[in-house]
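Each chain gets a letter, A, B and so on, in the order the sequences are listed, and its residues count up from 1. Excluded from the calculations below are hydrogen atoms, water molecules and symmetry mates; all remaining heavy atoms, backbone and side chain alike, are included.
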Protein chains: 2
Amino acid sequence: MDKKQENKKVFLEIVKQLRALIKDEGIQPGEKLPSERVLSERLNVGRSSVREALRSLELLGLIETRHGGGTFLSSGQSHQLVEILASFILQENKSIDDVHTTRRMHEKEAIRVICSNRSLRSLPVWESLFMKLELEDGIIRDLLLRELIIASGNRLALKIWIQLAAYSAVPLKKYSTKEEKPMLQMLLKSMQLGYEEEALRAYENWIRYINNSSS
Amino acid sequence: MDKKQENKKVFLEIVKQLRALIKDEGIQPGEKLPSERVLSERLNVGRSSVREALRSLELLGLIETRHGGGTFLSSGQSHQLVEILASFILQENKSIDDVHTTRRMHEKEAIRVICSNRSLRSLPVWESLFMKLELEDGIIRDLLLRELIIASGNRLALKIWIQLAAYSAVPLKKYSTKEEKPMLQMLLKSMQLGYEEEALRAYENWIRYINNSSS
DNA sequence: AAAAGAAAAGTGGTCTGACCACTTTTTATA
DNA sequence: TATAAAAAGTGGTCAGACCACTTTTCTTTT
């Protein structure tokens, strides 16, 4: 009775073999994969089966496809996944708020992590951003936030954050305004000094400002 | 020069149409979708194209397929996505730590949210869990954590957390031991009273205990 | 010889038809 | 009525064909 339910799913097997091939071949992100016809021959399966596997990986954002050009291992982030999630999983209205909230959670956590770690606090990138704020008119908001996530050292969190950011991106006003400068400076300085509460407060103020100014 | 780069991707168009069809038809989770051949006819595309779209949705866990039986709207959550993430995205060793860290971040954030909201603090589920701790030998650890995430009200965070929890699940010792009881009681009580710092401290202690006892 | 243009080869995108394996439904039989 | 057999329905896979687009190669022109 207790049948083991041998999960056959040949289609998933191809995905697995593709992964092995990529590893064995040492294909790096951005590089080209063998053509569908070659893969079909190499794996001893039909081309349509190969395509079904490739299409799935494409939806996940793991590969990129150029008509007439070839198939490539994805280098950067993708927004396919988030679009699908958006349309299928997140059907309710509240979902957009959730994306926003979750995104902010990652950012706050990154600030906490950085504040509590001395070597992260003294990363040269903060001083660099501080200077940039002083010299230039504004900086790209997401750029600063991405640096925070990167510095926190959690690559999975970065992956997730990129997806969330891609979805909740604000079309207008990507650059910070003059009004934001003191808040951002406060955030960076507090962080460099390890003042967690003040850094978070500055962050909250900033986000509040962004939300109000965009509405 | 500023070409809009009209994203054509016919393959994604089919996914979109499938979604519309599901909505229009009012197909509920667990129910059957039209057959591939019918879909092919209905959407005016080849069967192979339909399959490519379906395979992608299957990999995402949004549909389930039974050989000879049909295609069904997925009811519960799936673990395909997490497996793919595990094998493709999370290749490094550090990645397991990242999953753990990210998961804990979600849990901590949930605690913060609950503590800072009066109606969430006074949810009957906490008292119920408190009682259960008193009466029974132990409770399922993830059960309590899931309640936290659910209560925090962020459905996206819940989705993500479920995936992370599925991946980082500890095989042994799913149930809490006697030693954990005071920590959990402390966590619940602090939370009910809105003592954020104490709740977080209790949580940290508990997690630390779990990590030590499982290693 | 170098540059420009044209042809060829390579590659993904899609469709059709066929056959197999499995499940569900219908029909025929005991 | 119950059981068994046949049929229909459905997903799984493959092969071939054609199209659209890109890259490479070759030819022509300057």
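Expressed to the nearest 0.5 Å, how far CD1 of Ile14(B) lies from CG of Leu21(B) amounts to 12.5 Å. Here the straight-line distance linking atom CZ of Arg104(B) with atom CH2 of Trp161(B) works out to 9.0 Å at 0.5 Å rounding. Distance check: Arg103(A) CZ to Ile207(A) CD1 gives 7.0 Å after rounding to the nearest 0.5 Å.
Within the structure, every side-chain polar atom (N or O) of Arg66(A) is placed at least 4.0 Å from both OP1 and OP2 of dT11(C). Dashed line: the shortest gap from a side-chain N or O of Thr65(A) to OP1 or OP2 of dG13(C) is not under 4.0 Å.
Within the 4.5 Å cutoff, no side-chain heavy atoms of Val45(B) are placed close to those of Gln17(B).
As a whole-Å value, the separation of Leu54(B) CG from dG12(D) C1' is 13 Å. For Glu64(B) and dC22(C), the CD to C1' distance is 17 Å, given to the nearest whole Å. When the P atom of dT22(D) is taken as reference, atom CD of Glu36(A) falls 16 Å away, rounded to whole Å. Remark: C1' of dT23(C) and CZ of Phe72(B) are 10 Å apart, rounded to the nearest angstrom. Straight-line distance from the CD1 atom of Ile63(B) to the C1' atom of dT10(D): 14 Å, rounded to whole Å. Rounded to a whole Å, the CD atom of Glu52(B) is 7 Å from the P atom of dT14(C). Following rounding to the nearest Å, Arg51(A) (CZ) and dC15(C) (P) show an atom-to-atom distance of 10 Å. Put simply, CZ on Arg42(B) is 20 Å from C1' on dC15(C), counting in whole angstrom units.
Take Arg112(A) and apply the side chain to side chain contact (heavy atoms under 4.5 Å, CB included) test, not counting sequence neighbours, and it matches Lys108(A), Glu109(A), Glu196(A), Leu200(A), Glu109(B), Arg112(B).
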Using residues 123-133 of chain B as the side-chain source, report each donor-acceptor pair under 3.5 Å to any protein atom, sequence neighbours left out, with the distance given to one decimal.
{"unit_1": "Trp126(B)", "atom_1": "NE1", "unit_2": "Leu120(B)", "atom_2": "O", "d": "2.8"}
{"unit_1": "Glu127(B)", "atom_1": "OE1", "unit_2": "Gln192(B)", "atom_2": "NE2", "d": "3.1"}

Open item on the list: For nucleotides 14-20 of chain D, give me one character per nucleotide, 5' to 3': B if any protein heavy atom sits under 4.0 Å from the base, S if the only such contacts are to the sugar-phosphate, - if neither.
Closed with: B--BB-B
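The 5' end of DNA chain C is approached more closely, in terms of each residue's nearest nucleotide, by Val38(A) than by the other of Val38(A) and Gly69(B).
Here the closest non-hydrogen pair linking Thr102(B) and Ala157(A) is OG1-N, 4.0 Å.
The side chain of Ser35(A) has dG12(C) as its nearest neighbour among dG11(D), dG12(C), dG12(D).
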